[in-house]
Undergrad: 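Here it is, the structure in full.
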Amino acid sequence: MPELKLAAGLSFTAQMIGAAVMACLLLSFYLSYRKTYLLHWTLSWAALTMVHLAVAISGTNAIGAGLAAAHPARLIPAAIAMAGSYLYVGWVLFGVYEFTRRRPVRIVESRRILIGLAVFGSLTALLFVTADSSPLARHFARNGTFAIIGAAGFATAAVVLWRVRRRHSGVGSIILSIAFAATALQQLEHAFIGSFWLSGRGMELLAAHSGFIDLLIQTLVGVGMIACLLEDEREAAELAAVEIEHLAYHDALTGLPNRPLFMDRLIISLAQANRGNQKLAVFFLDLDRFKDINDSLGHSMGDALLKSVAERIRRCVREGDTVARFGGDEFTLLIPRIENIEDAAKIAHKIIETLKIPFVIHDQELFVTTSIGVSLFPGDGLDPETLVRNADTAMYRAKDQGRDNYQLYAPAMNARAVERLAKENSLRKALSQNELVLYYQPQIDSRTNATIGVEALIRWQHPEEGLLSPARFISVAEVSGLIVPIGEWVIYTACRQIKIWQKKIDKELTVAVNLSARQFQQPDLVSQIRNVVMETGIDPSSLEVEITESNAMQNAENTMYTLRELKALGIRISMDDFGTGYSSLNYLKRFPIDTLKLDQIFVRDVTTDPTDAAIVSAVISMAHSLNLKVVAEGVETEEQLDFLRRQHCDVIQGYLFSPPLPANALESFLIERKAANA
């Protein structure tokens, strides 16, 4: 029956080619998305291709030369085919496990299982190969055993995928579950047909046409895997979008409303209070000497303390009141209905006394006090900005009075503005007398462990107060406009320094410079940067400018135009503090950026907080799908580093490798690292 043999040969060839194509296709998906379940499924298709090829070689040898079953030319391909069959099942199950459980299989255990499967499969090919052995017995030793094990494996995969189908909005899990169920039946059908054929009971027609059924099922499995991948990526993108949307109006660390949401609620409450002729109160809270805790015990301890503080403040107020984190260790509180000043004083006193109770953080007892300023509508202001500003002024008055107390706003407190003016004058003097300095923090390639660049960070070497961080003066620089000349100085100094290091240490080093909101809005920003690049002689690609997503979204269209001009110069673009602002994924796709910087808020708890781990994984996956590099900030532990490496984060930055250092100290660091990696 040559027609049946031809049909069987064509279907078999199509299966082999289809398996090879699927292996290549899934490999390309894996290289793009870096999902480890894709790697398992890629290897499963590669194993299936090897099985088809080995069976073809074995059959050709047997037919063309009439070789015995024990001949090496038949036995070796048969052993390879059986080993590949079991590996095919193993890799499929590993992929299903990772897809449904959202965690990788253990490498050591998976290797042991795969080796065991391959050895077992090879041994089944060695049974019943003597001259007096029955072909039917050999068939059952090989195909019958595999049919039972393979059917059990694919049936298990089908059941698991069917159970998780409700977690996925698409049909990928359903398709793949049905395909695996059909594959399980297919394995039993092969054993059934083969046994009847070898026993001389016909079945040639069914055996010839079963190949086309196999091809159909194989195609269904491939379609199901690709559908699962696409749905998985869509769900990851949707999760990232939801998280980013939530972060637009909530603080990432404490979960409290952030500044924009607080101001929105204050506007609404003011309108209601005005209509009802009612009072409302705005509180401004600042933790006393919180910086000392951060400096002495580390940022992770400080973050944990802030979470606990936020929870205690929230328990001190009613459900309809709003507690928000304004930034750093500053909190605001809105009481939309209040009868008199005494009620506001009682609330402030309650918060102060509640926060005096010792906090136990990581088995360590911490004592915290707070300074509170209070402003009331309508007596202390009629608009949101005035009320918040006056509450802030009262809070500074509370600090001046010895901290750990509250102050109600009084007009005389505006003398605080005079102090801020004095700081502005000091900052102007600092710029002219070279009191500003740049520190540099290295950026490490997560794969090679080599230092590939640095981030330039400004400091103020104050003649009386010592080295000041940007938090102490950048806000004054922004308000006064001094941030513009300071920003120009930072870019020039950083470019000049990186040119020196490129000549002395590594010509591939890059430098990242932060652009402030005020600086980014300057119409001559592009020409300024162009002049600096030309004057210092650096390659434009050696400079990366960083913008925060909140700054970028203030005027998205203008941002896009400026970024495109910078990109045309060859400058690299980085979006800093990603996830803490309110950027739209649509704009993220349209902005010509090269790098996303994961804020340290998410990085610090990736090993202990499943939500942070999910956000980091989703952002990295999304960034890579957009061909963006990902830099993780604030990496302080080996556990964080291991997690980020498993997620294929590109660049690591944090105290685990080095804190920000002055130029001379950082130069020694670069030389030592280069020598160590040589």
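Everything numeric in this text was worked out from a predicted model, so none of it was measured. The first residue in the sequence is number 1, and the count goes up from there. Reckoned from all heavy atoms, side chains included, excluding hydrogens, waters and symmetry mates.
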Undergrad: Strictly distance-based, threshold 3.5 Å: is any side-chain N or O of Asn405 a donor or acceptor partner for the main-chain N or O of Ala398?
TA: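 Yes; at least one donor-acceptor contact below 3.5 Å.
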Undergrad: Is the shortest heavy-atom distance from the side chain of Val616 to the side chain of Leu644 under 4.5 Å?
TA: yes
Undergrad: Would you say the side chain of Tyr439 lies within less than 4.5 Å of the side chain of Ser469, judging by non-hydrogen atoms?
TA: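 Of all side-chain heavy-atom pairs linking Tyr439 with Ser469, none is under 4.5 Å.
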Undergrad: One thing to verify: whether Lys399 and Asp286 come together as a salt bridge, which I'm taking to mean a side-chain N less than 4.0 angstrom from a carboxylate O.
TA: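 Salt bridge between Asp286 and Lys399, a charged N being under 4.0 Å from a carboxylate O: yes.
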Undergrad: How long is the gap from CD1 on Ile601 to CD1 on Ile615, to the nearest 0.5 Å?
TA: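 The CD1 atom of Ile601 sits 11.0 Å away from the CD1 atom of Ile615.
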Undergrad: Holding to side-chain hydrogen bond (donor to acceptor under 3.5 Å, both in side chains), I want the full list of residues that pass it with Ser269, two or more places apart in sequence or in another chain.
TA: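 Expected list: none.
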Undergrad: Of all heavy-atom pairs between Asn390 and Asp380, which one has the smallest distance, and what is that distance?
TA: ND2-O, 2.6 Å
Undergrad: Is there a side-chain contact between Met263 and Glu385 in this structure, where contact means two heavy atoms from C-beta onward sitting under 4.5 Å apart?
TA: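 In contact.
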Undergrad: About how many Å separate CG of Leu468 and NE2 of His462, when rounded to the nearest 0.5 Å?
TA: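 Result: 6.0 Å between the selected atoms.
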Undergrad: Taking the side chain as everything from C-beta on, heavy atoms only, tell me whether Tyr409 gets closer than 4.5 Å to Arg397.
TA: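 With C-beta onward as the side chain, the pair stays apart.
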Undergrad: Assess whether a salt bridge exists between Lys307 and Asp251, defined as any Lys/Arg side-chain N lying under 4.0 Å from an Asp/Glu carboxylate O.
TA: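 Result for this pair is no, no salt bridge flagged.
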Undergrad: Would you check, one step at a time, whether the test salt bridge (charged side-chain N to carboxylate O under 4.0 Å, His left out) holds for Lys597 with Glu455?
TA: CA-CA 12 Å; Lys597 296 195 74 174; Glu455 180 181 6; 3.0 Å; yes
Undergrad: To the closest 0.5 Å, what do you measure between CG (Leu427) and CG (Leu436)?
TA: 6.5 Å
Undergrad: With Glu488 as reference, evaluate Ile491, Val490, Val484 under the side chain to side chain contact (heavy atoms under 4.5 Å, CB included) test and give the passing residue.
TA: Val484
Undergrad: Are any of the side-chain nitrogens in Arg318 or Asp321 under 4.0 Å away from the carboxylate oxygens of its partner?
TA: yes
Undergrad: Is it true that, when you exclude Glu339 itself, more than 12 heavy atoms of the residues, nucleotides or ligands shown sit nearer than 6.0 Å to its CD?
TA: no
Undergrad: Are there more than 12 heavy atoms of other residues, nucleotides or ligands under 6.0 Å from atom CG of Asn277?
TA: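 Count not over threshold, so no.
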Undergrad: For the residue pair Phe591 and Ile547, establish whether any side-chain heavy-atom pair is separated by less than 4.5 Å.
TA: no
Undergrad: Return the minimal non-hydrogen interatomic distance between Asp576 and Glu633, and the atom names on each side.
TA: OD1-OE1, 3.2 Å
Undergrad: If you round to the nearest 0.5 Å, how far is CE of Met301 from CZ of Arg604?
TA: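 Reported to 0.5 Å precision, the distance equals 13.0 Å.
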Undergrad: Can you tell me how far apart CZ (Arg646) and OG (Ser446) are? Round to the nearest 0.5 Å.
TA: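 Atom-to-atom, Arg646:CZ and Ser446:OG are 13.0 Å apart.
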Undergrad: Within 45 degrees of the axis of the six-membered ring of Phe359 and under 6.0 Å from its centre: does Arg312 put its NZ or CZ there?
TA: yes
Undergrad: Taking all non-hydrogen atoms of both residues into account, name the closest pair between Ala273 and Leu280 and its distance.
TA: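 Reported closest heavy-atom pair: CB-CD2, 4.1 Å.
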Undergrad: Going through the distances and angles, do Ile652 and Leu656 end up as a side chain to side chain contact (heavy atoms under 4.5 Å, CB included)?
TA: CA-CA 9 Å; Ile652 306 298; Leu656 178 61; 5.6 Å; no
Undergrad: Could you go through the side-chain hydrogen bond (donor to acceptor under 3.5 Å, both in side chains) check for Asp288 and Thr369 one step at a time?
TA: CA-CA 6 Å; Asp288 299 325; Thr369 61; 2.7 Å; yes
Undergrad: Given 3.5 Å as the limit, does a donor-acceptor pair link the side chain of His362 with the main chain of Gln364, or not?
TA: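 Not at all, since once roles are kept as given, no pair shorter than 3.5 Å links the two residues.
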Undergrad: Identify the two heavy atoms, one from Gln443 and one from Ala512, that lie closest to each other, and give their separation to 0.1 Å.
TA: NE2-CB, 4.3 Å
Undergrad: Can you tell me if CD1 on Ile341 sees more than 12 non-hydrogen neighbours from other groups inside 6.0 Å?
TA: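 Not buried by this count: 12 neighbours or fewer within 6.0 Å.
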Undergrad: Which value, rounded to the nearest 0.5 Å, describes the distance between Ile313 atom CD1 and Leu256 atom CG?
TA: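 Spacing of CD1 (Ile313) from CG (Leu256) equals 8.0 Å.
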Undergrad: Taking atom CZ as the centre, does Arg337 end up with more than 12 heavy-atom neighbours from other residues, nucleotides or ligands that are less than 6.0 angstrom away?
TA: no
Undergrad: Has the side chain of Ser308 got a donor or acceptor atom that lies under 3.5 Å from a matching backbone atom of Ala304?
TA: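 Present.
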Undergrad: Do Glu544 and Thr595 pass the side chain to side chain contact (heavy atoms under 4.5 Å, CB included) test, and can you show the C-alpha distance, the side-chain angles, and the key distance before you say yes or no?
TA: CA-CA 9 Å; Glu544 184 172 78; Thr595 304; 3.0 Å; yes
Undergrad: As a quick check of understanding, evaluate ring pair (Phe, Tyr, Trp, His ring centres under 6.0 Å) for Phe284 and Phe326, giving each step before the final call.
TA: CA-CA 9 Å; Phe284 203 106; Phe326 243 44; 5.6 Å; yes
Undergrad: Please examine the side chains of Arg459 and Pro470, heavy atoms only from C-beta on, and report whether any two atoms are closer than 4.5 Å.
TA: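 Sidechains of Arg459 and Pro470: in contact.
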Undergrad: With distance as the sole test, does Ser617 use its side chain to make a donor-acceptor pair with the main-chain N or O of Ala613 at under 3.5 Å?
TA: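 Checked: pair present.
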Undergrad: Apply side chain to side chain contact (heavy atoms under 4.5 Å, CB included) to the pair Tyr406 and Ser371, showing each step before the final yes or no.
TA: CA-CA 6 Å; Tyr406 68 89; Ser371 300; over 6 Å; no
Undergrad: Show the numbers, then the answer: is there a salt bridge (charged side-chain N to carboxylate O under 4.0 Å, His left out) between Lys35 and Glu233?
TA: CA-CA 10 Å; Lys35 303 282 189 179; Glu233 285 302 301; 3.5 Å; yes
Undergrad: Please answer whether the main-chain N or O of Leu515 pairs with a side-chain N or O of Gln519 as donor and acceptor at a distance below 3.5 Å.
TA: no
Undergrad: Side chains of Leu598 and Ile620: does their closest heavy-atom pair fall under 4.5 Å?
TA: yes
Undergrad: Would you check if Val282 and Phe377 make a side-chain contact, meaning some heavy-atom pair closer than 4.5 Å?
TA: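 The answer is no; the side chains never approach within 4.5 Å.
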Undergrad: Between Val635 and Leu641, which heavy-atom pair has the shortest distance, and what is it?
TA: CG1-N, 4.1 Å
Undergrad: For Val317 and Leu333, run side chain to side chain contact (heavy atoms under 4.5 Å, CB included): C-alpha distance rounded to whole Å, both residues' side-chain angles, the deciding distance at 0.1 Å, then the answer.
TA: CA-CA 9 Å; Val317 298; Leu333 171 61; 3.6 Å; yes
Undergrad: Is a side-chain N or O of Arg325 found less than 3.5 angstrom from the main chain of Gly328, in a donor-acceptor match?
TA: yes
Undergrad: Quick test of your reading of the model: are Arg234 and Glu231 salt-bridged, counting only N-O distances below 4.0 Å?
TA: no
Undergrad: Check for a donor-acceptor pair, side chain of Ser375 on one end and backbone N or O of Leu387 on the other, with a separation under 3.5 Å.
TA: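 Yes, Ser375 side chain to Leu387 backbone: donor-acceptor pair under 3.5 Å.
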Undergrad: Between Ser426 and Trp460, which heavy-atom pair has the shortest distance, and what is it?
TA: O-CZ2, 3.6 Å
